[in-house]
Number of protein chains: 2
Amino acid sequence: MSFKSTVQRRLANRVKDALRDVSLQLALLNHQVGARLKLRDVDFDCLNLLNQHGPLGPGALAKLAGLHPATMTGVLDRLEKAGWATRDRDREDRRAVVVRAAPERGREIFELYAGMNGSMDDICADYTVEQLEIIEEFLRRTAAAGHDSTVKLTD
Amino acid sequence: MSFKSTVQRRLANRVKDALRDVSLQLALLNHQVGARLKLRDVDFDCLNLLNQHGPLGPGALAKLAGLHPATMTGVLDRLEKAGWATRDRDREDRRAVVVRAAPERGREIFELYAGMNGSMDDICADYTVEQLEIIEEFLRRTAAAGHDSTVKLTD
DNA sequence: GTCAGTTAATATGGAAACCATATCATCTCC
DNA sequence: GGAGATGATATGGTTTCCATATTAACTGAC
């Protein structure tokens, strides 16, 4: 890592501090949104993973979420029972099922995030196109770094 | 909200997408770090809140974390027993206790995040001072927006 | 100064969740 | 064809959650 100046190093530390705060605040927001939907944190996290990655098998979802397969069975039982997800037979492997988030329920989640989404639109409106491109690139690289770090921890 | 162009609106959506991915990846990383420390998600989240906010009473910590006071008692029991936090008498209110994260254990957490921290330093080194200032400001405003949204959801 | 009302933290116990292990059906490869 | 592996779930013991109650302490009105 090659910082060009002490100012830049200090700024990097401030960026990392701000990132930690973002992570914390969004985790707390997610917890409240989940509570409003009467979902346990672990259930809501798994639902978010399904919304992000698309349909997955319970084993793959468990691995992604860092959960035991038996735990995932319980989580999916609750999500299915509450109408947030469905389990369907896999067409190619009769052992397997495919789990999908219920698309018609997405609006309920969307509505609870409306405040945050509106605030983000307002914030983004203050930046130029060039600035937003820089910000997006930074966030993409940060997400990739987070993913890589997680993979390294589970090896 | 007043976007100056369609390009800017589209970019805002990409920024929001990227932010969701960052939130998800950091949540998964936190889960794995917590697992390495043999801490339940809820325990690790509370420890992180103590590290971020400094000493707090159990009631204030429960409110911040969106947890029931009785749940917090159990969380603090586990954190105390495992040596991650201490409960001390409040000097001014004999009913109250003050919970502190154990400073000597901070290094263990720090070491598990070393990969991510190093990656963030590398990423930041690619940006100019001006760009890092923009990024930091954006993250600060995003954290504030997240906090405000959470407060609105709990009213 | 007294006392009713409120607050802070914890105790209790029933319900819910977690997960190590086992089970069964299915798939793969030799 | 069959041994070994895999995917998902069942089981049951343990752990966690939390509604409610309890106790000690604080506050403010009278």
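Note on naming: letters A, B, ... go to the chains in the order of the sequence lines (proteins, then strands), and numbering restarts at 1 for each one. Only a predicted model underlies this, so the values are computations on that prediction, with no experimental measurement involved. No hydrogens, no waters, no symmetry mates; every other heavy atom, side chains included, goes into these values.
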Legend entry - Nucleotide-resolved protein contact map, nucleotides 23-28 of chain D, B/S/- at heavy-atom distance under 4.0 Å: -BBS--
Legend entry - Letter per nucleotide, 5' to 3', of nucleotides 10-21 of chain C [B base touched, S only sugar-phosphate touched, - untouched; heavy atoms, 4.0 Å]: BB-----SSBBB
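Comparing the axis of the opening five pairs of the helix from C:dG1-D:dC30 to C:dC30-D:dG1 with that of the closing five pairs yields an angle of 30°, rounded to 10°.
For the pair A:Lys63 NZ and D:dA8 P, the interatomic distance rounds to 13 Å; values are reported in whole Å. The separation between A:Asp90 atom CG and D:dA8 atom P is 8 Å, rounded to whole Å. Look at CZ on A:Arg91: it is 19 Å from C1' on C:dT26, rounded to the nearest Å. Separating the CG atom of A:Leu56 from the P atom of D:dG7 is a distance of 13 Å, rounded to the nearest angstrom.
In this structure, A:Arg40 has no salt bridge (charged side-chain N to carboxylate O under 4.0 Å, His left out) partners at least two apart in sequence or on a different chain. Not counting sequence neighbours, the partners of A:Glu133 by the side chain to side chain contact (heavy atoms under 4.5 Å, CB included) test are A:Val129, B:Leu11. Partners of B:Glu80 under the salt bridge (charged side-chain N to carboxylate O under 4.0 Å, His left out) rule, at least two apart in sequence or in another chain, are B:Arg87. Judged as a side chain to side chain donor-acceptor pair (under 3.5 Å), and not counting sequence neighbours, B:Asn51 has no contacts. Contacts of A:Arg89 classified as side chain to side chain contact (heavy atoms under 4.5 Å, CB included), with partners at least two apart in sequence or in another chain: A:Arg94. Taking the salt bridge (charged side-chain N to carboxylate O under 4.0 Å, His left out) definition, one finds that B:Asp88 meets it with B:Arg100, sequence neighbours left out. Every residue two or more places apart in sequence or in another chain was checked for a salt bridge (charged side-chain N to carboxylate O under 4.0 Å, His left out) with A:Asp148, and none qualifies. Looking at residues two or more places apart in sequence or on another chain, you find a side chain to side chain contact (heavy atoms under 4.5 Å, CB included) between B:Glu130 and B:Thr128.
Listed by first and then second residue, the side-chain hydrogen bond (donor to acceptor under 3.5 Å, both in side chains) pairs involving residues 62-74 of chain A amount to none (not counting sequence neighbours).
Taking the side chain as every heavy atom from C-beta outward, A:Leu64 and A:Leu56 approach each other to under 4.5 Å.
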